[in-house]
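Atoms considered below: every heavy atom in the structure, side chains included; atoms not considered: hydrogens, waters and symmetry mates. Atoms within each ligand, like the ligands themselves, are counted from 1 in listed order.
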Amino acid sequence: MKARTIVVILIIIIFTGALAIAVENQGAKDIKLDGGKRGYIDFPHHLHQNVIGECNACHNVFPKTAGIIKDLKLQKKLKKKQVMNKTCIKCHKAKKKAGEDAGPTKCSQCHVK
Ligand code: HEC
Ligand code: HEC
Ligand code: HEC
């Protein structure tokens, strides 16, 4: 291969790599989640991204789409309180038990009337 060809290929690889990073959508900084009769939840999305550093801690349960938890509950693909108990509170309890910074576990600390 000619040196020029190699340089062109390298530039393409670097450029598409940078593009993939720039294109990743972090979503909203803070999200209001629907908590049914118990009242909505103020969810600090970017705080969690920074603290956990792994999207799949939550997005293996539901995709990166606004309003998807409510939609999946309406379609009966997620049970009521499933995300709350099996994702949110489960992690907060585990962190607390490990003596690390943890999120709330009491109803009124998450649900705002
Ligand atoms: C601690 C849980 C959690 C983590 C970790 C998390 N997210 Fe989310 N994300 C959510 C929730 C909750 C929603 C809102 C879903 C809904 O509205 O039903 C959401 C929604 C989104 C959305 C669509 C809504 C919007 O605001 O545009 C995008 C995009 C997104 N997340 C990207 C990411 C990326 C990228 C990461 C990793 C860097 C990440 N999320 C990590 C919980 C999380
Ligand atoms: C860590 C935050 C958090 C805590 C603590 C919490 N919740 Fe939730 N709750 C949520 C989220 C997020 C949802 C929406 C997702 C879901 O239904 O799984 C929700 C949903 C709900 C719903 C609506 C379910 C539906 O679809 O109709 C009820 C009712 C509820 N919670 C009651 C409670 C009660 C009672 C407590 C205390 C024992 C509590 N929650 C503690 C975050 C929390
Ligand atoms: C994999 C672990 C993990 C998951 C999953 C998780 N959290 Fe948290 N959450 C944390 C940690 C750790 C903190 C403490 C961050 C800190 O104080 O720096 C926290 C803090 C919080 C806080 C308090 C923020 C503040 O300003 O003090 C709220 C509210 C909260 N989480 C709600 C939720 C909700 C709602 C969900 C589910 C959609 C969720 N969390 C899922 C780890 C998690």
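- At the top of the distance list for atom 27 (O) of ligand 2, counting protein heavy atoms only, stands K80 CD, 3.6 Å.
- The contact set between ligand 1 and I68, taken as ligand atoms under 4.0 Å from a residue heavy atom, comprises 16 (C), 17 (O), 18 (O).
- Among the atoms of V83, some N or O lies under 3.5 angstrom from an N or O of ligand 2.
- Remark: the backbone N or O of H46 is not paired with any side-chain donor or acceptor of Q26 at under 3.5 angstrom.
- Between C107 atom SG and R38 atom CZ the span is 5.0 Å, to the nearest 0.5 Å.
- Counting only heavy atoms of the protein, atom 3 (C) of ligand 2 lies nearest to C110 SG, 2.8 Å.
- If you check which protein heavy atom lies closest to atom 35 (C) of ligand 1, you get N25 O, 3.3 Å.
- Taking a cut-off of 2.8 Å, the protein N, O or S atoms nearer than that to atom 8 (Fe) of ligand 1 are H45 NE2, H59 NE2.
- Near A102, meaning under 4.0 Å from any of its heavy atoms, are these atoms of ligand 3: 13 (C), 14 (C).
- Heavy-atom distances between K73 and ligand 2 reach below 4.0 Å in at least one pair.
- For atom 26 (O) of ligand 3, the nearest protein heavy atom (residue, atom name, distance) is L47 CD2, 4.4 Å.
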Please report the C-alpha distance between C58 and H48 in whole Å, then the side-chain angles of each, then the deciding distance to 0.1 Å, and finally whether the side chain to side chain contact (heavy atoms under 4.5 Å, CB included) criterion is met.
CA-CA 10 Å; C58 297; H48 280 81; over 6 Å; no
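- Taken together through direct or relayed side-chain contacts under 4.5 Å among Ile, Leu, Val, Met, Phe, Trp and Tyr, F43 and I89 form parts of separate hydrophobic clusters.
- D34 counts as a contact of ligand 2, since one of its heavy atoms falls under 4.0 Å from the ligand.
- For atom 19 (C) of ligand 2, the choice among R38, Q109, M84, H92 with the nearest heavy atom turns out to be M84.
- To the nearest 0.5 Å, the span separating CD1 on I68 from CZ on F62 amounts to 9.5 Å.
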Please tabulate, for side-chain N and O atoms in residues 27-35, each donor-acceptor pair with protein atoms closer than 3.5 Å (sequence neighbours left out).
{"residue": "K32", "atom": "NZ", "partner": "D42", "partner atom": "OD1", "Å": "3.3"}
{"residue": "D34", "atom": "OD1", "partner": "G36", "partner atom": "N", "Å": "2.8"}
{"residue": "D34", "atom": "OD2", "partner": "K70", "partner atom": "NZ", "Å": "3.0"}

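- Closest approach of I52 to A57, counting heavy atoms only: CG2-CB, 3.8 Å.
- The distance from atom 8 (Fe) of ligand 2 to the nearest N/O/S atom of C107 is not under 2.8 Å.
- For atom 20 (C) of ligand 3, the closest non-hydrogen atom on the protein side is G103 CA, 3.3 Å.
- Between I69 and ligand 1, at least one pair of N/O atoms sits closer than 3.5 Å.
- Heavy-atom proximity to T105, at under 4.0 Å, picks out these atoms of ligand 2: 5 (C).
- Here the heavy atom of the protein found nearest to atom 7 (N) of ligand 2 is H111 NE2, 2.8 Å.
- Residue, atom and distance of the protein heavy atom nearest to atom 11 (C) of ligand 1 are F62 CE1, 3.5 Å.
- In terms of protein heavy-atom proximity, atom 15 (C) of ligand 3 is nearest to V51 CG2, 4.0 Å.
- In this structure the side chain of P63 never reaches within 4.5 angstrom of the side chain of H59, judged on heavy atoms.
- Looking only at protein heavy atoms, the nearest one to atom 37 (C) of ligand 3 is C88 SG, 1.9 Å.
- Looking at atom 16 (C) of ligand 1, its nearest protein heavy atom turns out to be G67 N, 3.3 Å.
- Of all heavy-atom pairs between G39 and H111, the closest is O-ND1, 2.8 Å.
- At the top of the distance list for atom 22 (C) of ligand 3, counting protein heavy atoms only, stands P104 CD, 3.3 Å.
- The shortest N/O to N/O separation between F43 and ligand 1 does not fall below 3.5 Å.
- The side chain to side chain contact (heavy atoms under 4.5 Å, CB included) test applied to C91 returns K95, not counting sequence neighbours.
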Atom pairs and distances, side-chain donor-acceptor, residues 71-85, under 3.5 Å, sequence neighbours left out:
{"residue": "Q75", "atom": "OE1", "partner": "K77", "partner atom": "NZ", "Å": "3.1"}
{"residue": "Q82", "atom": "OE1", "partner": "K79", "partner atom": "N", "Å": "2.8"}
{"residue": "N85", "atom": "ND2", "partner": "K81", "partner atom": "O", "Å": "3.3"}

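- Using a 4.0 Å cut-off between heavy atoms, T65 contacts ligand 1 through its backbone alone, with no side-chain atom that close.
- To the nearest 0.5 Å, atoms CD (E100) and NE2 (H92) are separated by 12.0 Å.
- Within the 4.0 Å heavy-atom criterion, both parts of T87, backbone and side chain, lie near ligand 3.
- At the shortest separation from atom 24 (C) of ligand 1 among protein heavy atoms lies A66 N, 3.6 Å.
- Contact atoms of ligand 1 toward A28: 25 (C), 26 (O), 27 (O) (distance under 4.0 Å to a heavy atom of the residue).
- Listed by number with element, the atoms of ligand 2 under 4.0 Å from a non-hydrogen atom of Q82 are 18 (O).
- Contact annotation: for L78 versus ligand 2, there are no heavy atoms closer than 4.0 Å.
- Looking only at protein heavy atoms, the nearest one to atom 23 (C) of ligand 2 is G35 O, 3.4 Å.
- We find the SG-OH distance between C110 and Y40 to be 12.5 Å, quoted to the nearest 0.5 Å.
- Of all the heavy atoms of P44, the ones lying under 4.0 Å from any atom of ligand 3 belong exclusively to the side chain.
- Checked against a 3.5 angstrom limit, the closest N/O atoms of K106 and ligand 2 fall outside it.
- The protein atom (non-hydrogen) at minimum distance from atom 13 (C) of ligand 2 is I41 CD1, 3.7 Å.
- Ligand-side atoms of ligand 1 in range of E54: 5 (C), range being under 4.0 angstrom from any heavy atom.
- The protein non-hydrogen atom at the shortest distance from atom 29 (C) of ligand 2 is K81 CE, 3.6 Å.
- Atoms SG and NZ, on C88 and K93 in that order, are 12.0 Å from each other to the nearest 0.5 Å.
- Looking at atom 1 (C) of ligand 3, its nearest protein heavy atom turns out to be C91 SG, 2.7 Å.
- If you check which protein heavy atom lies closest to atom 12 (C) of ligand 3, you get D101 O, 3.2 Å.
- There is a protein heavy atom less than 4.0 angstrom from atom 31 (N) of ligand 3.
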